[in-house]
Amino acid sequence: MAKLKTSYFCQNCGAQSAKWIGRCPACGEWNTYVEEVLQREDVTTAGSWKSSSSLQVAAKPRPIAEISYLEESRIQTVDQELNRVLGGGIVPGSMVLIGGEPGIGKSTLMLQIALSLKNNRVLYISGEESDQQIKMRAERLSAKHPNCFILTETGTQNIFKQIEQLQPDVLIVDSIQTLHSSFIESGAGSISQVRECTAELLKYAKESGTPVFLIGHITKEGNLAGPKILEHMVDTVLQFEGDRHMTYRILRTTKNRFGSTSELGIYEMQGTGLREVSNPSEILLSQREENFSGITIGATLEGNRPLLIEVQSLVSPATYGTPQRSSTGFDAKRLNMLLAVLEKRGGFKLGTQDVFLNIAGGLKIEDPAIDLAVCASILSSFEDIAVPNTTAFAAEVGLSGEIRAVNRVDQRIAESEKLGFTEIYISKFNVRGLDLKRYGIKVHAVSKLDEVISGLFG
Ligand code: TYD
Ligand code: MG
């Protein structure tokens, strides 16, 4: 019997090695190497995707000016959140990977999109659920689509046979970890299988110009399972996240060859599927009539979209030796830095206080423009004086307590005004070129933390 050809693969990052090693030299993880049978069958490419035109023209270099492309050829879905996250619609021939924890709603989202593409022939391949289960879900979403086809199959050979017959305009695969190519002998979901199946689908996408959506699972650590390699192969990586127990879901771009990577789509999971949330600030701000101490509103940007988010903090005397510092949705190191600034530059004795900070709505904010909102929130709780719930903040705080300028401040001011805020604090260095009279909101342009403190707490 011929010897099987095997190799070792890191299950974390996909690195390959001829022999077993304890620690992966590529990602540094321990004990992640697993032996997998490689052996490609010798039937060359029979059964894998073959481009339909038998006239294979060898590629030649062309001047870039002569290459034409059509921006309009993107497929617009009815889902505006998805369009934006993809950078303006579905690009023909693109491969999009959607990752997320089990039960977060990946299948629901993709089925909903499949059902909404009424002018296109859609093929939804499922290796996870039966026809009936998918039909049941479609009933729940109560959308009818005569041209949406379901195929429950995991072998890529048969999948390509069906694709050739059906000639779909859009292909959805749920999920890539269930697919199996007969060219590789290891089991479905292993690194080499995932890599091979993705490569076959990628070839199909590029040669036929059909956009392909892959659903991918996420490991306990929050990485796309197996597949760091997958992230390199596909054009766009979308992350579907949120708390399974809360109704809001966030679709985030982490890689995009056709658009910005900082885009964000927000959905609400309802009994009848996912609903787009087109005005996220409304849900991120808690409905409150009274003013509470410790709550402020920061005007941040996610991608191109301004978002008003609620910063909550609780400052109370520490009962045990070392005070606790805890932050959710905001960088803990940055929180410590801001606390040091408030202590040293503002003279507030926060060293003996427990400080808890929370960004409402489960968002993670990296934008430094919410620094001032964080500082104001902490001081408001410390002094137990409420900040009016009609005041917003958009500025970075520096180490010497200076208020620094942030990008696209005009958009932040405009969004605050739109949502009914009456005052906003920004940096003095941001006002150049701004026509403050244009806004119906009072703009406080400040340069020092002291000015904000005296303005808010007298
Ligand atoms: P699902 O889309 O199957 O998630 P994934 O493919 O990411 O594993 O998850 C759906 C979850 O959402 C499931 O717990 C039920 C819930 N759900 C609703 O609340 N409303 C709906 O209309 C649908 C279809 C699902
Ligand atoms: Mg699913």
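For clarity, every value in this text was computed on a predicted model and none was experimentally measured. Remember, it's 1-based here, ligands and their atoms both numbered in the order they're listed.
Counting the atoms of ligand 1 from 1 in the order shown, those under 4.0 Å from a heavy atom of P102 are 8 (O). Residue contact check: T272 has heavy atoms under 4.0 Å from atoms 22 (O) of ligand 1. Shown in contact with T108 at under 4.0 Å from a heavy atom are these atoms of ligand 1, numbered in order with element: 1 (P), 2 (O), 9 (O), 10 (C), 24 (C), 25 (C). Every atom of ligand 1 is numbered from 1 in the order shown, and the set under 4.0 Å from a heavy atom of E101 is 7 (O).
Polar contact check, E129 against ligand 1: no nitrogen or oxygen pair lies under 3.5 Å apart. Inclusion of L141 in the set of residues having an N or O under 3.5 Å from an N or O of ligand 1 is not warranted. The N/O atoms of G103, backbone and side chain alike, include one that comes under 3.5 Å of an N/O atom in ligand 1.
No side-chain donor-acceptor contact under 3.5 Å links S316 and D354. Looking at R412 and N407, their side chains do bring a donor and an acceptor atom within 3.5 Å of each other. With 3.5 Å as the limit, one finds no donor-acceptor pair spanning the side chains of H180 and E196. In this model, a donor atom of one side chain and an acceptor atom of the other lie less than 3.5 Å apart for Q312 and E310.
Nearest approach of M95 to V234, heavy atoms of both residues: O-CB, 3.6 Å. Shown here for D174 and E129, the closest heavy-atom pair between the two residues is OD2-OE1, 4.0 Å. Nearest heavy atoms, I295 versus S380: N-OG, 4.4 Å.
At a heavy-atom cutoff of 4.0 Å, ligand 1 is contacted by the side chain of R140 but not by its backbone.
Heavy-atom distances between G100 and ligand 1 stay at or above 4.0 Å for every pair. Close to ligand 1: Q270, with a non-hydrogen atom less than 4.0 angstrom away.
Of the residues listed (I424, T300, L307, L308), the one engaging E415 in a side-chain contact (heavy atoms from CB on, under 4.5 Å) is L308, and it is the only one.
Under 2.8 Å from the Mg ion (ligand 2), one finds the following protein N/O/S atoms: S107 OG.
With hydrogens and angles ignored, the 3.5 Å screen pairs a side-chain donor or acceptor of S327 with a backbone N or O of F330.
Using a cut-off of 4.0 Å between Lys/Arg side-chain N and Asp/Glu carboxylate O, E241 and R252 are scored as salt-bridged.
Sequence neighbours left out, the pairs with a member in residues 76-97 that pass salt bridge (charged side-chain N to carboxylate O under 4.0 Å, His left out) are E81-R84, E81-R305, R84-E263.
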